[in-house]
Every structure is written in structure tokens, then in C-alpha cells.
Peer 1: 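Below you will find the structure I want to go over with you.
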Amino acid sequence: MRGRTQGQDADPPRHETLYTELFEQSPVGIALADERGLFIDVNGAWCRLLGRPVDEILGRSSRDFTHADDLDDHARAGSMMAEAEDGVAQVEKRFVRPDGSVRWVLMTFSSIAGPQGQPWTVAHAQDLTTRKRIESALEESRAELQLLATTDPLTGCLNRRSWDDAVATLVAETVATGRPLTLGLVDFDGFKAFNDRHGHAAGDAVLVEFAQATHALLSGDDVLARWGGDEFAIALPGTTPADAIELAGRLGEDLPGRLACSVGLAQLRPGESPLTCLARADRRLYRAKATARDALGLQGVVGSVEPLEGSG
């Protein structure tokens, strides 16, 4: 080992040679640090983890090579050893190599006595980088599957199943707090003709742009879902009738050509189910579409909302 003193025999005993070979040939990184936390010996696997030759490691602390976000975990290793019944502590952290690449490692620390009884530390470092990459890829796959299961793939809005879950939560909050909840349906006027004239790709682009613009108008608690085709559903918790009507008038302001949208809104009544409330909004939507059938631009929007206090 590199920590050997000059006064030792030139021809060490066989068992010492064996331990040296085990130290050097271990596939797991092994390091010895003194009472100041500075390396006094490291094996080849440790050097490979850090991507550095031994002379760039000896005399330095593991902290010097630790990712900045993991320094707090690194600092807790000493107290963890002191608190552990067996005196062994484990920490997952990242080493940063000279080229900026990162290696995840599982560090295992234990304390031994130095030549004069000083508290030295033995550390083993197992490379976790491949495992971490696999775990990250699996997590990304799970997130993608969750996204596909809950959202509309074209617009990124919630799908109908996720809408049901979100609105059920809003209804429960409305029952508990008494705050108003307005539900609505939004439908494009003349969308089929637009598709026939400009193609389905252009129609899809309109739906995406509308969803993005509407999301920008909504607050954090509001919910937007693609109901199907060119129809969207909207939930506005805590919104007064006047505010809901004002918001509806702004939907679709930037739609291209002769496109406009009609909106039907209904405020949830005590004891009413979301489906019944949406059915009232749907009836208002179709009355609005009949009103706007021959109109241009925003008239379809302006004429889309009836007083929410009505019974229709």
C-alpha cells in the first residue's frame, strides 16, 4: 500500500503482500483517510471512479471531488458513523470527474485507529451510475405512461377520465367551503369547414394553439380538458358568474380566419352532480351556437353566455 513507511522491510511477509493485492485488485473503490479527512491511500478502482491519477487524490478530501448538491450528505457521514450501532454509515452521492461527467456511488464509511490511535476512516465506494441511469429511464417511462393515461396526446389537456377525477375534487371542495364552481363547454364554430378548406394538420394546430392560449388565461385551480373533437370542457372554481362570463368572452380571441367559439356555462347548484351541471352548460352551448351561426369573429363568443342564474 502507498501508506507504507520507509522503515519497513523491503521484503514484506506474504500475508501483507496478499492484503496489498486485495486492496489494489478490488473492483470496489477503497480509500483510507486520516483524522483530518485527507486521503493517505486509495486503490485503482477509487482512482477510476474519480477519473484521476493517485497523485491528484492523495492529500485531498473526498469533499473536493463531491458534487455541490451532495456536500451536506458528505458532511453528515461522521455523525452517522458515531450514531450507528455498528459504527458503519452509508451515503449515496456523486463524484465529479475532471471532464465534468458524474459518477453515482454508494459510500460506506467505518472508523479505524491510526498508528497513534487517531480516528482514521476507511471508505468503500461502489459505482451506482448504471443503476441510477436505469432507474431514471424507468421513472421517465412511468411518467410518460402516466401522462398518456391522463392527457390528450394532441393538446396536452386533461382527457375525460382525468377531468372526472379533477372535477370530483373541485365539487368536494365546493361542498366543504361553499365557494362557487362554474363548469362550461367550448366548441368551435365552423371547424369542419375550416378543416375541409385548410386540412386536418391546420385544424390540429388550431386546437393546440387554442389550448395553449386558454391555459394562459386560467388560474392555477382552473381545469381544461379536451372533451372530444373540437370541444373542450372547462371548470372554474371560485369564479363568480360575472368573472366566468368575462373569461368566456376572451376565449378564442386569436382564432384564425372565420373561426370563433361558442361557450355554454352553468354554475353548480347545491346537491347537483357535475354531469347534470354540464348538461345545462351543453344546452346553453347549443343555443349560443344557434345565435352565432351566421356571425363572424368574436360574435360567437360574445353571444355564447347566458345569465348563470337562469334555470336553463
Side-chain angles (χ1 to χ4, degrees), residues 1-140:
M1 291 169 59
R2 278 171 289 271
R4 195 184 317 282
T5 61
Q6 291 183 353
Q8 292 177 316
D9 295 337
D11 187 15
R14 172 58 185 157
H15 69 273
E16 188 171 326
T17 302
L18 177 61
Y19 288 137
T20 300
E21 291 176 355
L22 290 173
F23 179 83
E24 289 295 345
Q25 299 303 320
S26 172
V28 174
I30 307 175
L32 182 64
D34 64 17
E35 66 275 14
R36 298 169 298 169
L38 304 181
F39 291 123
I40 57 177
D41 209 354
V42 295
N43 69 352
W46 193 280
C47 294
R48 290 190 292 276
L49 277 173
L50 269 61
R52 298 172 184 271
V54 65
D55 58 359
E56 291 185 11
I57 299 175
L58 297 184
R60 300 176 67 180
S61 165
S62 177
R63 179 184 179 88
D64 297 339
F65 312 109
T66 299
H67 192 286
D69 293 343
D70 299 337
L71 288 174
D72 287 344
D73 291 334
H74 168 84
R76 284 194 292 268
S79 60
M80 291 171 65
M81 281 192 295
E83 295 168 2
E85 291 185 4
D86 58 0
V88 177
Q90 286 191 326
V91 172
E92 286 189 7
K93 70 172 189 176
R94 288 161 289 183
F95 281 139
V96 181
R97 291 175 162 183
D99 62 2
S101 62
V102 170
R103 305 300 294 184
W104 274 98
V105 294
L106 173 63
M107 298 282 290
T108 303
F109 303 94
S110 59
S111 181
I112 65 170
Q116 281 79 48
Q118 312 99 308
W120 286 7
T121 301
V122 175
H124 293 76
Q126 182 178 351
D127 194 341
L128 301 181
T129 307
T130 299
R131 194 193 81 183
K132 287 289 187 178
R133 287 173 180 165
I134 294 173
E135 290 175 350
S136 178
L138 288 173
E139 185 60 33
E140 289 179 5

Peer 1: Measure the spacing between OG of Ser110 and CD of Gln90 and express it to the nearest 0.5 Å.
Peer 2: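 Ser110 atom OG to Gln90 atom CD measures 10.5 Å (nearest 0.5 Å).
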Peer 1: Sequence neighbours excluded, which residues qualify as side chain to side chain donor-acceptor pair (under 3.5 Å) partners of His74?
Peer 2: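 Lys93.
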Peer 1: Heavy atoms only: give me the nearest Pro27-Ala45 pair and the separation to one decimal.
Peer 2: O-CB, 3.7 Å
Peer 1: Using the test side chain to side chain contact (heavy atoms under 4.5 Å, CB included), find all partners of Asp86 that sit at least two apart in sequence or belong to another chain.
Peer 2: Ala84, Val88
Peer 1: About how many Å separate CG of Leu18 and CG of Leu22, when rounded to the nearest 0.5 Å?
Peer 2: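 CG of Leu18 is found 4.5 Å from CG of Leu22.
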Peer 1: Name all residues meeting the side chain to side chain donor-acceptor pair (under 3.5 Å) criterion together with Arg94; count only those two or more places apart in sequence or in a different chain, and write none if there are none.
Peer 2: Asp70
Peer 1: Under 3.5 Å, is there a donor-acceptor pair between the side chain of Ser79 and the main chain of Arg76?
Peer 2: yes
Peer 1: Show every donor-acceptor pair shorter than 3.5 Å between a side-chain atom in residues 96-106 and any protein atom, with sequence neighbours excluded, or say none if there are none.
Peer 2:
{"residue": "Arg97", "atom": "NE", "partner": "Leu49", "partner atom": "O", "Å": "3.1"}
{"residue": "Arg97", "atom": "NH2", "partner": "Arg48", "partner atom": "O", "Å": "2.7"}
{"residue": "Asp99", "atom": "OD1", "partner": "Ser101", "partner atom": "N", "Å": "2.9"}
{"residue": "Asp99", "atom": "OD1", "partner": "Ser101", "partner atom": "OG", "Å": "2.6"}
{"residue": "Arg103", "atom": "NE", "partner": "Asp127", "partner atom": "OD2", "Å": "3.3"}
{"residue": "Arg103", "atom": "NE", "partner": "Thr129", "partner atom": "OG1", "Å": "3.3"}
{"residue": "Arg103", "atom": "NH2", "partner": "Asp127", "partner atom": "OD2", "Å": "2.6"}

Peer 1: Restricting to salt bridge (Lys or Arg N to Asp or Glu O under 4.0 Å), what partner residues turn up for Arg60, sequence neighbours left out?
Peer 2: Asp64
Peer 1: Among pairs that include at least one residue of residues 45-72, which meet ring pair (Phe, Tyr, Trp, His ring centres under 6.0 Å), considering only residues two or more places apart or in two chains?
Peer 2: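 Sorted pair list: Phe39-Trp46, Trp46-Phe95.
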Peer 1: Can you list everything that forms a salt bridge (Lys or Arg N to Asp or Glu O under 4.0 Å) with Glu140? Sequence neighbours excluded, please.
Peer 2: none
Peer 1: Enumerate the residue pairs fulfilling salt bridge (Lys or Arg N to Asp or Glu O under 4.0 Å) with a member in residues 106-117, sequence neighbours excluded, ordered by first and then second residue.
Peer 2: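 Qualifying pairs: none.
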Peer 1: I'd like to check the side chain to side chain donor-acceptor pair (under 3.5 Å) partners of Gln25; sequence neighbours left out, ordered by chain and number.
Peer 2: none
Peer 1: Please identify each residue that fulfils salt bridge (Lys or Arg N to Asp or Glu O under 4.0 Å) with Glu92, with sequence neighbours left out.
Peer 2: Arg131, Lys132
Peer 1: Just list the side-chain donor-acceptor pairs under 3.5 Å for residues 28-36, sequence neighbours left out, or say none.
Peer 2:
{"residue": "Asp34", "atom": "OD1", "partner": "Arg36", "partner atom": "N", "Å": "2.9"}
{"residue": "Asp34", "atom": "OD1", "partner": "Gly37", "partner atom": "N", "Å": "3.1"}
{"residue": "Asp34", "atom": "OD1", "partner": "Leu38", "partner atom": "N", "Å": "3.0"}
{"residue": "Asp34", "atom": "OD2", "partner": "Arg36", "partner atom": "NE", "Å": "3.4"}
{"residue": "Asp34", "atom": "OD2", "partner": "Arg36", "partner atom": "NH2", "Å": "3.0"}
{"residue": "Glu35", "atom": "OE1", "partner": "Trp120", "partner atom": "NE1", "Å": "2.9"}

Peer 1: Which heavy atom of Ala89 sits nearest to which heavy atom of Ala77, and what is that distance?
Peer 2: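 Here Ala89 and Ala77 meet closest at CB-O, 4.0 Å.
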Peer 1: Could you work out, with side chain to side chain donor-acceptor pair (under 3.5 Å) as the rule, every residue matching Gln116, not counting sequence neighbours?
Peer 2: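 Counting only residues at least two positions away or on another chain, Gln116 forms a side chain to side chain donor-acceptor pair (under 3.5 Å) with Gln118.
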Peer 1: Which pair of heavy atoms, one from Met81 and one from Ser111, lies closest together, and at what distance?
Peer 2: SD-N, 4.0 Å
Peer 1: Please round to the nearest 0.5 Å and tell me the distance separating atom OG1 of Thr121 and atom CD1 of Ile40.
Peer 2: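 Going from the OG1 atom of Thr121 to the CD1 atom of Ile40 covers 10.0 Å.
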Peer 1: As an exercise, state the distance from OG1 of Thr66 to CG of Leu50, rounded to the nearest 0.5 Å.
Peer 2: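 Answer rounded to 0.5 Å: 8.0 Å.
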